[in-house]
Engineer: 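Quick one: the structure is below, questions incoming.
Per chain, numbering begins at 1; letters A, B, ... match sequence-line order.
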Amino acid sequence: MPLLFPEEDASDVRRRYKPDVIKGDMDSIRKEVLDFYRSLGTEIIDKSHDQDTTDLHKCITYIRDFAPDVNKSSQLCILVAGALGGRYDHEMGNLNVLYCFSALRIVLLSDDSLIYLLPRTHHHEIHIQTSVEGPHCGLIPIGVPSRSSTTTGLRWNLNNTEMRFGGLISSSNIVVGEKVTVQSDTDLLWTISIKKL
Amino acid sequence: MDLMHHSSTFLLPTIPLHHRPSLTYALVVLNQTLPRFAPLLWKHAQLRLCADGGANRVFDEMPLLFPEEDASDVRRRYKPDVINGDMDSIRKEVLDFYRSLGTKIIDKSHDQDTTDLHKCITYIWDFAPDANKSSLCILVAGALGGRYDHEMGNLNVLYCFSSLRIVLLSDDSLIYLLPRTHHHEIHIQTSVEGPHCGLIPIGVPSRSSTTTGLQWNLNNTEMRFGGLISSSNIVVGEKVTVQSDTDLLWTISIKKL
């Protein structure tokens, strides 16, 4: 964080950007970092005994179950930085978290792209913020083939179209305008590029 | 069911002479930062292709991997055999430079239906004699990271060409398909890869997968997105075996040397 505010004092920046919770199996966090945030009042939740779930999974579980001030209804949206890139098995594990918690809004973000799940239980309207995202986008049937998907608002729309790995998936698509609609018989992954500003 | 052998010998400084399987390597460079071991992949490959902007990467970044050498010498030494793609990313100076050195330029700008990687794989597929296809292994640098829809499109290429050996490589990981048509033996090159690995049922759930050689083996186990997938697994020893009712994606970490 201090590197993103080079004109400010590093300590000031660190105090301002103090996490509410640090959670996980604690095998990566440096002791000095842990002590620093603990002294500032950050809640430390050590889950080193739980090797069955990823760190992201643990955090999503915490937010869903224990965060008292966070609204658990459909108004909750969990933004995740750092879920993409790096070790590929980690990236896939993080992607799977979206499918495991398909009733929650979870957005995975990198410098280049954002991705989230469009559950099959709903029709979807995606309002494109053209100042910050697009135009490159895709709809990906990760877990299960889609027998029928339909869209509007894309350069190459789907019209009751089948999609599957080994066949057609919608990548290198383009948003046209400011609204995209999607309906499908399966959970689809939506991805859109983030503009370099 | 036939056995298929896999081994990341392309990450070794030299490939042992009597190593099985004996493979011919082709390298495809896509438009992302070159992995630090790109010169090693280049050395093992008999055919080197750049997909469009991948040529920019070779031109700009190969010299950076040899800082003590003259940039022009490096560029001449690392000259692709083919540049293929829709040509909307390659810089004119780069195109002219390689063209003047004899690189074959294949302009596919009229074809907007397939990704640049797909075009390169198709080229290699058409170019390689049928007799050699089963001993061919296509190494791809720059397929992961960057735009996520591109990454997914590149992953789909593995499934579209499931009878070809294609390995996607980043600095951190390598991935390839284990087709359901075979039992698989993966010989782990412990000096350069592992121990972190995963088996991912992309595209279709797996009703039954079985492994040996992993810390958490699968035993006729179901895998699917939304349920169990094998990520954050660990290779134990030097051989992993896999059989499954579906095509699985194998991924293993690459060691930082």
Side-chain angles (χ1 to χ4, degrees), chain A residues 25 51-55 57 83-102 108-115 117 119 136-146 155-156 163-174 186-187 189-194, chain B residues 32 86 112-116 118 143-162 168-175 177 179 196-205 215-216 223-234 246-247 249-254:
Chain A
D25 62 15
Q51 289 298 320
D52 285 341
T53 55
T54 63
D55 286 339
H57 198 286
L84 307 175
R87 260 175 50 193
Y88 198 72
D89 70 299
H90 269 173
E91 182 174 310
M92 285 290 117
N94 291 334
L95 200 60
N96 193 34
V97 167
L98 267 57
Y99 285 78
C100 291
F101 293 89
S102 57
L108 306 187
L109 293 124
S110 73
D111 271 305
D112 302 285
S113 309
L114 63 86
I115 72 183
L117 201 69
H136 307 285
C137 65
L139 278 164
I140 320 290
I142 292 262
V144 167
S146 169
R155 169 86 58 92
W156 294 281
M163 288 204 293
R164 62 178 184 87
F165 268 83
L168 172 78
I169 70 171
S170 179
S171 67
S172 297
N173 212 329
I174 301 273
T186 67
D187 299 337
L189 199 72
W190 164 256
T191 177
I192 188 165
S193 55
I194 297 176
Chain B
Q32 302 261 29
D86 62 14
Q112 288 299 314
D113 285 340
T114 55
T115 63
D116 285 337
H118 198 288
L144 307 175
R147 262 174 50 193
Y148 199 72
D149 70 299
H150 269 172
E151 183 173 310
M152 285 289 119
N154 292 333
L155 198 61
N156 193 35
V157 168
L158 267 57
Y159 285 76
C160 291
F161 293 89
S162 57
L168 306 187
L169 292 125
S170 73
D171 271 303
D172 302 288
S173 310
L174 62 87
I175 74 182
L177 201 69
H196 307 285
C197 64
L199 278 164
I200 320 291
I202 299 251
V204 167
Q215 184 140 331
W216 294 281
M223 289 205 291
R224 61 178 185 88
F225 270 84
L228 172 77
I229 70 171
S230 178
S231 65
S232 297
N233 212 330
I234 301 273
T246 65
D247 299 337
L249 197 73
W250 164 255
T251 177
I252 188 165
S253 54
I254 297 176

Engineer: Any idea which of S110(A), C137(A), S146(A), S102(A) has the most non-hydrogen atom pairs under 4.5 angstrom with chain B?
Structural biologist: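 If we count pairs closer than 4.5 Å to chain B, C137(A) comes out on top.
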Engineer: Between D187(A), I169(A), L189(A), which residue shows the highest count of heavy-atom pairs closer than 4.5 Å to chain B?
Structural biologist: I169(A)
Engineer: Please collect all side-chain hydrogen bond (donor to acceptor under 3.5 Å, both in side chains) contacts where either partner lies in residues 149-158 of chain B, sequence neighbours excluded, each pair once.
Structural biologist: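 Counting only pairs at least two positions apart or across chains, the side-chain hydrogen bond (donor to acceptor under 3.5 Å, both in side chains) contacts touching residues 149-158 of chain B are R147(B)-D149(B), R147(B)-H150(B).
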Engineer: Apply the side-chain contact (heavy atoms from CB on, under 4.5 Å) test between Y88(A) and each candidate in T251(B), L168(B), L174(B), D172(B); give the one that qualifies.
Structural biologist: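 Checked T251(B), L168(B), L174(B), D172(B) against Y88(A); only one passes side-chain contact (heavy atoms from CB on, under 4.5 Å): T251(B).
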Engineer: Would you name the heavy atoms of C160(B) and G167(A) that are closest together and state the gap between them?
Structural biologist: SG-O, 4.0 Å
Engineer: For R224(B), what residues pass the salt bridge (Lys or Arg N to Asp or Glu O under 4.0 Å) criterion, not counting sequence neighbours?
Structural biologist: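 So R224(B) forms no salt bridge (Lys or Arg N to Asp or Glu O under 4.0 Å) with any residue.
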Engineer: Going from NE2 on H57(A) to OG on S231(B), what distance comes out if it is rounded to the nearest 0.5 angstrom?
Structural biologist: 10.0 Å
Engineer: What closest approach, in Å, do G203(B) and P145(A) show between heavy atoms, and which atom pair accounts for it?
Structural biologist: O-CD, 3.1 Å
Engineer: Given a strict heavy-atom distance threshold of 4.5 Å, which part of I142(A) is in contact with chain B: side chain, backbone, both, or neither?
Structural biologist: both
Engineer: Could you give the distance from CZ (F225(B)) to CG (L117(A)), rounded to the nearest 0.5 Å?
Structural biologist: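 The CG atom of L117(A) is 11.0 Å from CZ of F225(B), to the nearest 0.5 Å.
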Engineer: Nearest 0.5 Å please: distance from the OG atom of S173(B) over to the CE atom of M92(A).
Structural biologist: 10.5 Å
